[in-house]
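Encoded as structure tokens, the structure appears first; notes follow it.
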Amino acid sequence: MESTVRTLKCGNVEIAVADRGAELRSYKVDGEEFMWDRNPEIWAASSPVLFPFVGSIKNGVYNYKGKDYEITTRHGFARTEDFDFVEKTENSLKFRFSSNSETLKKYPFEFDLFLTYTVNDGILEIGYDVVNKNNSEMYFSLGTHPAFALNVNDGLKLDDYYLEFEKNETSQKYKLTNNGLVFDEKVDYLNNTNKIQITENVFDDDAIVFEGLKSEKVTIKNNKNSKELSVEYKGFPYIAFWSKPKAPYVCIEPWYGISDFENCTGKLEEKTGILKLENGENFFAKLIVKGKK
């Protein structure tokens with residue numbers, strides 16, 4: 001069954017968000033679409049939320065307080081669940097997904113996850129709010145995965161596009177296994193540069209994942225016109241970039257958390273990048289997205 005899609009127009013910005021996954025389906029500035037169109041022959045998503053895990057769990061099983069929990073889906077489960085539509089204001093849409101009897105079988109914590117989309121002065125802010133409803137601590141990861149369209153018509157090719165960081169970076173990237181786990185080694189990638197060139201083969205080895213970059217903003221640009229799209233991701237410790245090889249989109253993925261490492265213990269409390277919330281606390285993160293024709 002197709003999900004209900006909520007729309008909002010504010011100034012020169014129009015957005016559309018589906019109840020399923022509270023997923024951003026459309027982001028238009030002055031009528032120009034910036035989101036990937038979810039072509040099912042290539043990749044049938046546009047902006048999944050990654051919760052309560054980012055990436056893959058080793059062997060689909062983890063352990064918490066002596067009990068095993070099975071979760072075989074990549075990137076948790078919130079992205080395929082129907083969120084409750086909480087409210088619409090003149091410039092925002094708010095959604096909530098809460099723990100239930102099914103989620104508790106694979107993730108033993110009570111929570112609320114809110115996603116709020118707010119438009120101000122042509123800028124889209126996506127807020128992520130995690131509420132711990134347990135009488136004890138709660139462990140989780142949170143990631144974003146928006147896919148932005150790369151127009152390859154009008155004389156534009158994939159390799160006319162590039163990603164530009166706000167600062168020059170020198171960094172290694174993580175090596176990933178075939179099933180999305182992380183090797184405990186890195187390879188050299190950025191050498192005092194602020195650019196990653198998009199090509200047909202740049203994502204042949206899966207996502208490009210960095211930790212601890214100085215930049216907190218990255219912009220998609222091209223060599224042929226002035227259209228650009230920036231994502232500001234202050235505070236996120238990991239940033240990943242991904243697309244299906246040769247596909248006309250690129251995902252900009254700030255993460256709090258990462259896939260299991262190949263040599264991990266499987267214990268949730270020891271998971272690399274995992275966040276811990278004390279009882280009654282909440283966690284907030286946001287993306288700021290700005291498109292320009």
Side-chain angles (χ1 to χ4, degrees), residues 34 36 47 50 54-56 75 123-126 128 141-150 156-177 180-262 272-275 285-292:
F34 284 85
W36 165 242
S47 186
L50 317 183
V54 170
S56 300
H75 294 319
I123 295 169
L124 173 61
E125 181 180 301
I126 309 173
Y128 303 83
S141 293
L142 174 76
T144 76
H145 203 305
F148 300 106
L150 304 178
L156 278 169
K157 306 188 297 294
L158 266 186
D159 56 15
D160 287 321
Y161 288 90
Y162 57 94
L163 296 160
E164 184 178 274
F165 295 100
E166 61 176 347
K167 298 174 181 176
N168 277 17
E169 301 284 356
T170 297
S171 179
Q172 297 179 310
K173 68 166 186 171
Y174 281 104
K175 283 185 71 175
L176 307 179
T177 69
L181 300 180
V182 185
F183 284 117
D184 197 20
E185 62 178 305
K186 296 180 180 179
V187 292
D188 291 340
Y189 199 83
L190 299 175
N191 182 19
N192 193 31
T193 181
N194 67 343
K195 282 186 184 178
I196 296 177
Q197 182 69 44
I198 303 292
T199 67
E200 289 190 347
N201 304 107
V202 68
F203 299 113
D204 281 358
D205 296 327
D206 206 347
I208 299 169
V209 184
F210 302 106
E211 180 182 8
L213 296 186
K214 301 190 296 288
S215 299
E216 295 181 321
K217 179 179 174 182
V218 67
T219 305
I220 302 169
K221 296 184 175 183
N222 73 70
N223 300 315
K224 297 286 175 66
N225 62 44
S226 60
K227 181 178 176 179
E228 61 181 54
L229 183 287
S230 67
V231 178
E232 192 177 318
Y233 48 92
K234 190 167 186 170
F236 286 82
Y238 301 93
I239 180 83
F241 304 96
W242 175 82
S243 176
K244 288 283 182 76
K246 300 181 179 154
Y249 69 88
V250 64
C251 294
I252 297 175
E253 306 181 37
W255 298 341
Y256 278 95
I258 193 171
S259 275
D260 273 352
F261 280 69
E262 194 187 35
T272 300
I274 199 78
L275 296 178
K286 69 180 180 182
L287 297 187
I288 296 174
V289 181
K290 185 174 185 181
K292 189 177 84 175

Does the side chain of [X] reach to within under 4.5 Å of the side chain of [Y], using non-hydrogen atoms?
X      : Y      : value
Trp36  : Pro248 : yes
Ile220 : Phe34  : no
Leu287 : Pro254 : yes
Ile196 : Val218 : no
Trp242 : Val209 : no

Geometric cation-pi criterion Lys186 and Phe210, 6.0 Å radius, 45° cone: no
Sidechain-backbone polar pair: [X] side chain, [Y] backbone, donor-acceptor under 3.5 Å:
X      : Y      : value
Ser171 : Leu190 : no
Ser215 : Lys167 : yes
Asn223 : Asp160 : yes
Lys214 : Asn168 : yes
Tyr233 : Ala285 : no
Ser259 : Val182 : no
Gln197 : Tyr161 : yes

Shortest non-hydrogen separation from [X] to [Y] and the atoms involved:
X      : Y      : result
Phe241 : Phe203 : O-CE2, 3.2 Å
Val54  : His75  : C-ND1, 3.8 Å
Asn191 : Thr170 : C-OG1, 3.8 Å
Lys195 : Tyr162 : CE-CE1, 3.6 Å
Gly257 : Ser141 : CA-OG, 3.7 Å
Tyr189 : Lys173 : CD1-CD, 3.6 Å

[atom2] on [Y] to [atom1] on [X], rounded to 0.5 Å:
X      : Y      : atom1 : atom2 : value
Glu232 : Ile252 : CD    : CD1   : 12.5 Å
Ser243 : Asp206 : OG    : CG    : 11.0 Å
Leu163 : Asn194 : CG    : CG    : 10.5 Å
Leu158 : Asn201 : CG    : CG    : 10.0 Å
Ile288 : Leu124 : CD1   : CG    : 9.5 Å
Cys251 : Ile208 : SG    : CD1   : 12.0 Å

Count the heavy atoms of every other residue, nucleotide or ligand shown that sit under 6.0 Å from [atom1] of [X], and state whether that count exceeds 12.
X      : atom1 : result
Asp205 : CG    : no
Lys217 : NZ    : no
Lys246 : NZ    : no

Worked check of side-chain contact (heavy atoms from CB on, under 4.5 Å) between Val202 and Asp159: CA-CA 10 Å; Val202 68; Asp159 56 15; over 6 Å; no
Audit row: Leu156, Asn225, side-chain contact (heavy atoms from CB on, under 4.5 Å) steps and yes/no: CA-CA 9 Å; Leu156 278 169; Asn225 62 44; 3.7 Å; yes
Audit row: Thr144, Ile126, side-chain contact (heavy atoms from CB on, under 4.5 Å) steps and yes/no: CA-CA 10 Å; Thr144 76; Ile126 309 173; over 6 Å; no
Aromatic ring pairing Tyr238/Trp255, orientation class (parallel under 30°, perpendicular over 60°, tilted between):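 Judged by the thresholds at 30° and 60°, the geometry between Tyr238 and Trp255 is tilted.
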Ring centers of Phe236, Tyr256 separated by less than 6.0 Å: yes
